[in-house]
S.K.: 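The structure's right below; bear with me while I get my questions together.
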Amino acid sequence: MSDAAAAGSATRVTATATATRATATATATATAATPAPGLIVADTRDASEIYGVHGAPGLTYWKALAGRQHLEAEVEAIEVARIPPGGLSGEHRHTRTEEIYFILRGHGEFLVDGEPRPARPGSLLLTGIGTVHGLRNTGAPAGVTDPGYGSAPEGHLEWLVIEMPSPATSAVLHGPAPDPTTTRPSERKTETMRLHDLREERAVDPAGVFTGPLRLVEIRELAAGDSAAYSSHAGEHTVFVLTGSGTATAGSTEVEIAAGTAVTLPFGVDAVITAHEGGLEFFHAELAVPGRAAR
């Protein structure tokens with residue numbers, strides 16, 4: 001959403017917050033899964049209805065899954081949004097934040113610096129500082145029946161967002177990063193945007209477009225009974241379940257997760273994601289924490 005977005009609608013214990021946007025004010029009541037110690041757990045239900053996002057007419061459904069108040073990484077918000085058939089998320093320019101759009105469900109087109117680019121399930125758009133971008137729901141092309149992930153209403157276009165301030169912005173707000181391990185030699189911006197098919201590529205390194213905390217974006221699959229362990233002692237992690245079901249375990253607490261569930265690990269938290277029968281597919285992003293070793 002906008003650069004000013006900061007409020008989250010999930011917490012470690014409850015999941016209710018008030019989200020304010022330049023175009024509307026809405027009370028976003030998030031229905032969270034059973035909370036686990038240290039984990040931030042939310043889902044896509046009960047999204048807020050917001051009109052006129054980025055100056056576009058019409059309705060957007062929006063919900064924050066985690067926010068900067070939860071994390072030590074320089075992150076504005078982790079969000080999910082969707083627009084109905086014919087809907088538009090207006091074209092806008094970020095002057096201080098970098099942002100990804102990952103399409104979950106539906107078909108449409110990204111509008112990047114005035115040029116339309118296809119948006120379909122699995123599309124991952126990296127937008128750097130200064131890029132003008134928006135999103136339009138055009139519906140599936142003739143003969144295409146792939147609905148994508150999740151359970152958004154038929155015809156809706158739904159996507160994940162991770163928005164992060166650039167290091168220059170963070171330096172102005174908080175002072176320089178405490179040590180040079182927070183950046184990588186490859187973090188020299190050479191592109192303003194990049195479009196990927198994450199279902200095809202499986203993993204993307206955003207270096208070259210982004211200079212902020214995002215280190216990795218990937219889709220992972222687990223067979224029934226298999227597990228993936230994540231430790232947030234050198235960085236933080238966020239997971240969004242695409243298909244299947246399983247559990248997220250932190251310490252002695254176990255949380256059931258299914259398609260549409262987001263699990264975010266703030267700094268210092270260890271968790272294990274385990275697949276139930278039928279397997280589990282999920283989106284995963286890794287975020288560097290200032291003063292900690294980068295990947």
Side-chain angles (χ1 to χ4, degrees), residues 1 5 8 10 40 42-44 47 53-54 60-67 71 73 75-83 87 89 92 94 97-112 117-128 131 133-138 140 146-152 156-164 191 193-210 212-221 236-244 257 259-264 273 280-287:
M1 306 282 285
I40 303 162
D43 59 42
T44 59
V53 171
H54 300 307
T60 298
Y61 298 88
W62 169 89
K63 185 174 182 178
L65 303 173
L71 303 173
V75 174
E76 287 281 323
I78 301 168
E79 309 165 332
V80 64
R82 60 182 168 90
I83 49 179
S89 180
H92 59 289
H94 287 191
T97 57
E98 304 168 335
E99 187 174 55
I100 71 166
Y101 284 7
F102 174 67
I103 302 298
L104 296 169
R105 190 174 181 86
H107 294 77
E109 57 187 20
F110 297 110
L111 305 170
V112 184
R117 299 171 182 265
R120 55 182 178 269
S123 294
L124 173 70
L125 179 67
L126 311 179
T127 61
T131 304
H133 57 283
L135 191 56
R136 186 193 310 276
N137 185 350
T138 60
D146 175 19
Y149 307 108
S151 57
H156 281 224
L157 181 62
E158 186 173 44
W159 66 97
L160 283 177
V161 175
I162 304 178
E163 185 176 0
M164 304 144 286
E191 302 170 89
M193 62 78 62
R194 213 161 57 214
L195 180 60
H196 296 270
D197 183 344
L198 196 57
R199 291 207 290 194
E200 178 71 24
E201 299 176 50
R202 308 309 288 178
V204 168
D205 182 342
V209 180
F210 288 177
L214 190 65
R215 291 293 180 264
L216 172 71
V217 181
E218 64 178 346
I219 293 177
R220 293 196 60 179
E221 292 184 71
E236 295 174 318
H237 301 269
T238 189
V239 165
F240 185 90
V241 180
L242 302 173
T243 61
I257 57 176
T261 304
V263 179
T264 301
I273 308 295
L280 184 67
E281 184 179 21
F282 58 90
F283 168 98
H284 165 243
E286 181 180 344
L287 300 149

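This chain uses plain numbering: 1 for the first residue, then up along the sequence. If you're wondering where the values come from, they're calculated on a predicted model, not measured in any experiment.
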S.K.: When you compare the side chain of F210 with that of I100, does any pair of heavy atoms fall below 4.5 Å?
M.R.: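 Yes, at least one pair of side-chain atoms sits under 4.5 Å.
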
S.K.: If we count only N and O atoms by modelled type, under 3.5 Å, do the side chains of H284 and R220 hold a donor and an acceptor together?
M.R.: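 The answer is no; no qualifying pair exists.
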
S.K.: Can you name the nearest heavy-atom pair linking G108 to T138, along with the distance?
M.R.: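 Heavy atoms only, the tightest pair is CA-OG1, 3.2 Å.
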
S.K.: Can you find a pair of side-chain heavy atoms, one from H107 and one from P121, that are under 4.5 Å apart?
M.R.: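 The answer is yes; the side chains approach within 4.5 Å.
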
S.K.: Find out whether L65 and F240 are in side-chain contact, i.e. whether some heavy atom of one side chain is under 4.5 Å from a heavy atom of the other.
M.R.: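 They are in contact (side-chain heavy atoms under 4.5 Å apart), so the answer is yes.
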
S.K.: For T261 and F282: C-alpha separation, side-chain torsions, deciding distance, then whether side chain to side chain contact (heavy atoms under 4.5 Å, CB included) applies.
M.R.: CA-CA 10 Å; T261 304; F282 58 90; over 6 Å; no

S.K.: Closest approach of Y61 and A47, non-hydrogen atoms and distance?
M.R.: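 Shortest heavy-atom contact: CB-CB, 4.1 Å.
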
S.K.: List the steps, then state whether side chain to side chain contact (heavy atoms under 4.5 Å, CB included) holds for M164 with L287.
M.R.: CA-CA 10 Å; M164 304 144 286; L287 300 149; 4.0 Å; yes

S.K.: Distance check, rounded to the nearest 0.5 Å: W159 atom CH2 versus L125 atom CG?
M.R.: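 CG of L125 is found 12.0 Å from CH2 of W159.
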
S.K.: Which distance, rounded to the nearest 0.5 Å, do you find between the CZ of R194 and the OG1 of T131?
M.R.: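 Taking CZ in R194 and OG1 in T131, the distance rounds to 12.0 Å.
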
S.K.: Please check: side-chain N/O of R105 versus main-chain N/O of G150, any donor-acceptor pairing under 3.5 Å?
M.R.: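 Checking the backbone N and O of G150 against the side chain of R105, a donor-acceptor pair under 3.5 Å is found.
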
S.K.: For the side chain of E201 and the backbone of H196, is there at least one donor-acceptor N/O pair under 3.5 Å apart?
M.R.: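 No, because the side chain of E201 does not come within donor-acceptor range (under 3.5 Å) of the backbone of H196.
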
S.K.: Heavy atoms, side chains only, cut-off 4.5 Å: are V241 and I273 in contact?
M.R.: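 No - every pair of side-chain heavy atoms lies 4.5 Å or more apart.
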
S.K.: Could you tell me which non-hydrogen atom of P118 sits nearest to which non-hydrogen atom of S123, and how far apart they are?
M.R.: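 The pair with the smallest heavy-atom distance is O-OG, 3.9 Å.
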
S.K.: Find out whether T243 and E221 are in side-chain contact, i.e. whether some heavy atom of one side chain is under 4.5 Å from a heavy atom of the other.
M.R.: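 Counting from C-beta outward, T243 and E221 never come under 4.5 Å.
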
S.K.: Heavy atoms, side chains only, cut-off 4.5 Å: are R120 and I103 in contact?
M.R.: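 Not touching, per the 4.5 Å side-chain cut-off.
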
S.K.: Looking at every non-hydrogen atom in both residues, tell me the closest pair between A152 and R82 and how far apart they are.
M.R.: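 Shortest heavy-atom contact: CB-CD, 4.0 Å.
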
S.K.: Check for a donor-acceptor pair, side chain of H92 on one end and backbone N or O of H133 on the other, with a separation under 3.5 Å.
M.R.: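 Yes.
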
S.K.: Between CZ of R215 and CG of D205, what distance do you get to the nearest 0.5 Å?
M.R.: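 Spacing of CZ (R215) from CG (D205) equals 8.5 Å.
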
S.K.: With a 4.0 Å cut-off on N to O distance, would you call R199 and E281 a salt bridge?
M.R.: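 Result for this pair is no, no salt bridge flagged.
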
S.K.: Could you check whether T97 and E163, counting side-chain N and O atoms only, form a donor-acceptor pair closer than 3.5 Å?
M.R.: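 On atom types as modelled, these side chains qualify, holding a pair under 3.5 Å.
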
S.K.: Look only at the side chain of E236 and the backbone of A73, and say whether a donor-acceptor pair between them is shorter than 3.5 Å.
M.R.: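 Present.
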
S.K.: Would you say L160 and I162 make side-chain contact, with heavy atoms under 4.5 Å?
M.R.: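 Answer no - side chains too far apart.
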
S.K.: Given the rule in the side chain to side chain contact (heavy atoms under 4.5 Å, CB included) test, do T238 and I40 qualify, once you have shown the distances and angles that lead to the verdict?
M.R.: CA-CA 9 Å; T238 189; I40 303 162; over 6 Å; no

S.K.: How far apart are the closest heavy atoms of L135 and I83, and which atoms are they?
M.R.: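 Of all heavy-atom pairs spanning L135 and I83, the closest is O-CD1, 3.8 Å.
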
S.K.: For S89 versus V53, what's the shortest heavy-atom pair and its separation?
M.R.: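 Taking every non-hydrogen atom into account, OG-CG1, 4.3 Å.
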
S.K.: Are R117 and F110 in a cation-pi setup, meaning NZ or CZ lies under 6.0 angstrom from the ring centre and within 45 degrees of the ring axis?
M.R.: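 Cation-pi check for R117 and F110: fails.
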
S.K.: Measure the CG-CD distance between L124 and E200 for me, rounded to the nearest 0.5 Å.
M.R.: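 These two atoms lie 14.0 Å from each other.
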
S.K.: Is there a side chain to side chain contact (heavy atoms under 4.5 Å, CB included) between V161 and W62 once you walk through the steps?
M.R.: CA-CA 10 Å; V161 175; W62 169 89; over 6 Å; no

S.K.: State which residue, out of L242, V204, V217, fulfils the side chain to side chain contact (heavy atoms under 4.5 Å, CB included) condition with F102.
M.R.: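 It is L242, the one option of L242, V204, V217 that forms the side chain to side chain contact (heavy atoms under 4.5 Å, CB included) with F102.
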
